[in-house]
Amino acid sequence: GSYAFHNFGKVKKLNINIPNSVTNIGEHAFEWCDSLTSITIPNGVTSIGNHAFNYCRSLKGITIPNSVTSIGDRSFEDCRSLTSITIPDSVTSIASYAFFNCSNLTSIAIPEGVTSIGGYAFSGCSSLASIKLPNNLISIGSNAFRYCSSLASITIPESVTGIGEFAFAGCSSLTSITISEGVTSIGEFAFTGCSSLTNITIPDSVTSIRICVFSNCSSLTNITYNGTKEQWNSINKDSWDWDYGSAIKTVTCTDGVITL
């Protein structure tokens, strides 16, 4: 149940096997279990509650079975020793703050069935060098990948319709971004502080670009736009503020170059 092992910080048992009869891991169940290094969740568990394993800072490995359909808010927040995790195909959404500040997480497999990534879901995962977004993903929440400072490139699939505010802010190693056809809006400050970014492609499906999207992108001088100059000029931008604080000088369109 909820708070079952909450704040068992001094417990020396390094591994926990949850019995097969369990179907739900309650909210805060293992929160602050500082000595917990590994845990096996049995087939039959369908949901992992909010805050279930957050601040388990010694947790290095966890197996999530295919029976799990729901991973709650902040479920693995600040699990700083976690280096990799596989999310089962049965999961369709990644909740807000789910892996927030998992600073040693280097890889994660997101299944094709995931349609939404919540706000701050991977924010602060500073060792995450690469991630493949699923082809059925529809929404990327605000701050979802903020401060993923090792992330080098990202392709946003065509199923995505909107990129949330600050979604990739502070991704200082990000050099290339490809936004596929289908995205209609780019939220405010979405790529701010991506200081290594040199290449970005924006599709002609985009109809809205919010304020300061590229602020402090000091290496980005040109945007590639897969539409005409007329289409670019018709995009709803926040007055002059969309490129405020950026180094962008030109937009390369299919029929020529716009100088800013």
Side-chain angles (χ1 to χ4, degrees), residues 93-96 114-123 131-148 151 153-172 174-260:
S93 65
I94 298 174
S96 299
V114 169
T115 58
S116 66
I117 297 175
Y120 292 90
F122 297 98
S123 180
I131 191 166
K132 182 182 182 301
L133 299 179
N135 290 322
N136 293 311
L137 186 65
I138 296 172
S139 64
I140 300 173
S142 64
N143 299 275
F145 295 94
R146 190 173 187 176
Y147 299 131
C148 289
L151 196 63
S153 66
I154 194 80
T155 297
I156 298 170
E158 61 185 17
S159 54
V160 172
T161 57
I163 300 170
E165 60 186 36
F166 293 93
F168 295 92
C171 293
S172 55
L174 196 62
T175 60
S176 176
I177 301 168
T178 299
I179 303 174
S180 299
E181 192 77 26
V183 172
T184 60
S185 63
I186 302 174
E188 58 191 56
F189 296 93
F191 302 106
T192 186
C194 294
S195 54
S196 299
L197 185 64
T198 58
N199 179 43
I200 187 166
T201 301
I202 296 177
D204 61 7
S205 57
V206 169
T207 59
S208 173
I209 298 177
R210 299 299 306 278
I211 64 170
C212 300
V213 168
F214 301 105
S215 63
N216 297 314
C217 293
S218 54
S219 301
L220 184 67
T221 59
N222 177 71
I223 289 173
T224 299
Y225 176 63
N226 289 339
T228 64
K229 291 189 284 186
E230 182 180 1
Q231 286 176 300
W232 173 262
N233 290 328
S234 70
I235 292 174
N236 181 23
K237 308 178 189 74
D238 280 344
S239 185
W240 56 272
D241 285 336
W242 74 272
D243 63 340
Y244 179 77
S246 75
I248 300 168
K249 295 180 173 61
T250 56
V251 179
T252 302
C253 303
T254 55
D255 61 346
V257 176
I258 296 173
T259 302
L260 303 178

For the pair F191 and F214, name the ring-plane relationship: parallel under 30°, tilted 30 to 60°, perpendicular over 60°.
parallel
Give me the ring orientation class for W232 and W242: parallel if the planes are under 30° apart, tilted from 30 to 60°, perpendicular past 60°.
perpendicular
Residues 250-260 side chain polar contacts: donor-acceptor under 3.5 Å, at least two apart:
| unit_1 | atom_1 | unit_2 | atom_2 | d |
| --- | --- | --- | --- | --- |
| T250 | OG1 | N222 | OD1 | 2.7 |
| T252 | OG1 | N222 | OD1 | 2.9 |
| T252 | OG1 | N222 | ND2 | 3.3 |
| T254 | OG1 | G227 | O | 3.1 |
| D255 | OD1 | K229 | N | 2.9 |

Working to the nearest 0.5 Å, report the span between [atom1] of [X] and [atom2] of [Y].
X: N233; Y: T228; atom1: CG; atom2: OG1; answer: 8.5 Å
X: I154; Y: I131; atom1: CD1; atom2: CD1; answer: 6.5 Å
X: I186; Y: I140; atom1: CD1; atom2: CD1; answer: 10.5 Å
X: F145; Y: I117; atom1: CZ; atom2: CD1; answer: 4.0 Å
X: E181; Y: I202; atom1: CD; atom2: CD1; answer: 12.0 Å
X: S185; Y: I209; atom1: OG; atom2: CD1; answer: 10.0 Å

Is there a donor-acceptor pair closer than 3.5 Å between any side-chain N or O of [X] and the backbone N or O of [Y]?
X: T207; Y: T184; value: yes
X: S196; Y: L174; value: no
X: S205; Y: G182; value: yes
X: S246; Y: C217; value: no

Hey, are the side chains of [X] and [Y] touching, using non-hydrogen atoms and a 4.5 Å cut-off?
X: L137; Y: V114; answer: yes
X: V160; Y: S180; answer: no
X: F168; Y: I177; answer: no

Which residue pairs pass the side-chain hydrogen bond (donor to acceptor under 3.5 Å, both in side chains) test with at least one member in residues 157-166, sequence neighbours excluded?
none
Residue that, paired with S219, satisfies side-chain contact (heavy atoms from CB on, under 4.5 Å) out of L197, T175, T198:
T198
Check [X] against [Y] and note the closest heavy-atom contact, atom names and distance.
X: G141; Y: A167; answer: O-CB, 4.0 Å
X: A121; Y: A95; answer: CB-O, 3.8 Å
X: G118; Y: A144; answer: O-CB, 3.8 Å
X: I163; Y: A190; answer: CG2-CB, 4.3 Å

Could I get the full list of side-chain contact (heavy atoms from CB on, under 4.5 Å) partners for T192, not counting sequence neighbours?
F166, A169, F189, S215, N216
Whether over 12 other heavy atoms sit under 6.0 Å from Y147 OH:
no
